[in-house]
Amino acid sequence: MRNIFLALLLSVCAFTTVEAQLPTTGLSGGVAVSSDYFFRGVSQHGGNAVLSGNLDLDVGPITVGAWASQVDFGNDATFEYDLYANFAHDFGAFSLNAGVIHYGYNGDDVDAVNEYVVGGSVGPVSANYYMDMDDTKVAYWEGSVRLPTVLGLMPSVQYGRHVDGVWDLNGHEFYALDVHKHFGDLVLRAKIYDFVD
């Protein structure tokens, strides 16, 4: 069975990101308004618009940061906050990254999750593998390929697969087409998801 979800970036259904970087400090941040918040192919806000934002600090090859967004799971959780640290290094044409992520929520109905992530990229192709720190059987992997820019539009295709555990999605996978365009510090993005059960 295939379900198609379309996140369209117009007026109310906008995914708009505004980013700012302070000179020489390595500190940057952004704010986004989106038609929904999808995480690994699953809606986290029930098809409703969300506000999210991030703040990152780059120190050489290390990035530490925080990101937050509204959520709606039908319980007392109303926002998610993520804390992360990542190390990235280039080996010629190959780039390697490794890090940790903490997913936290307000309220008592959703437990926090901690993950390891390792990944790499070569040219336009990248892949990441995420593994739960408390249960190494719970994992997820995702890959993407950047396509050539056309008329200023930057498209990419993505594939994600739940290995086990979270949301009873063992083996579920999705494909996505992501197209975005920069207007200075403003980024407009449209994403089409195609789920495969």
Side-chain angles (χ1 to χ4, degrees), residues 5 7 9 15-17 19 21 26 28-30 32 34 36-44 52-67 69 80 82-103 113-133 136 138-167 169-182 185 187-196:
F5 293 91
L9 308 180
F15 183 105
T16 305
T17 303
E19 298 179 349
Q21 184 155 2
S28 62
S34 311
D36 197 351
Y37 161 29
F38 281 89
F39 179 66
R40 298 178 182 173
V42 179
S43 171
Q44 306 293 291
S52 61
N54 72 292
L55 187 63
D56 292 348
L57 176 64
D58 293 319
V59 182
I62 298 173
T63 299
V64 294
W67 178 89
S69 175
E80 170 188 341
D82 301 347
L83 306 174
Y84 45 86
N86 191 66
F87 172 84
H89 186 72
D90 293 334
F91 299 92
F94 179 71
S95 178
L96 179 67
N97 64 275
V100 293
I101 309 170
H102 170 82
Y103 306 91
V113 175
N114 299 301
E115 286 184 332
Y116 301 109
V117 57
V118 294
S121 64
V122 177
V125 179
S126 64
N128 286 292
Y129 184 79
Y130 303 82
M131 184 173 60
D132 192 301
M133 290 184 185
T136 56
V138 176
Y140 169 83
W141 74 272
E142 185 173 275
S144 67
V145 178
R146 287 191 321 269
L147 302 176
T149 300
V150 178
L151 300 175
L153 300 174
M154 293 175 264
S156 64
V157 291
Q158 300 170 336
Y159 170 79
R161 181 178 178 85
H162 295 266
V163 178
D164 198 0
V166 182
W167 307 312
L169 291 176
N170 183 27
H172 285 221
E173 55 191 357
F174 74 89
Y175 303 89
L177 171 63
D178 181 294
V179 180
H180 66 278
K181 182 174 176 63
H182 291 262
D185 288 336
V187 179
L188 295 181
R189 166 172 277 126
K191 202 162 193 175
I192 300 171
Y193 287 93
D194 192 355
F195 297 88
V196 180

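Across His102 and Asn114, no two heavy atoms sit closer than the pair ND1-OD1, 2.6 Å. Heavy atoms only, all atoms of each residue included: Lys181 and Leu151 are closest at NZ-O, 3.7 Å. Contact record, Ser43 with Phe38: N-CD2, 3.6 Å, taken as the closest heavy-atom pair. In this structure, Pro155 and Thr149 approach most closely via the heavy-atom pair CD-CA, 4.3 Å.
With 3.5 Å as the limit, one finds no donor-acceptor pair spanning the side chains of Tyr103 and Glu80.
By the 30° and 60° cut-offs, the orientation of the rings of Tyr130 relative to Tyr140 is tilted.
Under the ring-ring contact (aromatic ring centres under 6.0 Å, His included) criterion, Phe94 pairs with no residue at all, not counting sequence neighbours. For the side-chain contact (heavy atoms from CB on, under 4.5 Å) test, residues two or more places apart in sequence or in another chain that qualify with Leu57 are Leu27, Val59, Val64. Among residues two or more places apart in sequence or in another chain, the side-chain contact (heavy atoms from CB on, under 4.5 Å) test is passed with Tyr116 by Val100, Met131, Met133. By the side-chain contact (heavy atoms from CB on, under 4.5 Å) test, Val157 pairs with Val145, Leu147, Leu177, sequence neighbours left out.
Put simply, CD on Glu142 and NE2 on His162 are 9.0 Å apart, with the number rounded to the nearest 0.5 Å. Atoms NZ and OG, on Lys191 and Ser34 in that order, are 10.0 Å from each other to the nearest 0.5 Å. The CD atom of Gln158 lies 6.5 Å from the CZ atom of Phe174; values are rounded to the nearest 0.5 Å.
In this structure, His182 contributes its side chain and Met154 its backbone to no donor-acceptor pair below 3.5 Å. Judged by distance alone, the side chain of Asn54 and the main-chain N or O of Gly30 form a donor-acceptor pair under 3.5 Å.
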Could you tabulate the donor-acceptor pairs under 3.5 Å formed by side-chain atoms of residues 82-91, not counting sequence neighbours?
from	atom 1	to	atom 2	distance (Å)
Tyr84	OH	Asp56	OD1	2.4
Asp90	OD1	Ser95	OG	3.0

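For the salt bridge (charged side-chain N to carboxylate O under 4.0 Å, His left out) condition, no pair includes a residue of residues 147-157, sequence neighbours left out.
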Worksheet item: Step by step, would you call Trp67 with Phe39 a ring-ring contact (aromatic ring centres under 6.0 Å, His included)?
Response: CA-CA 13 Å; Trp67 178 89; Phe39 179 66; 8.5 Å; no
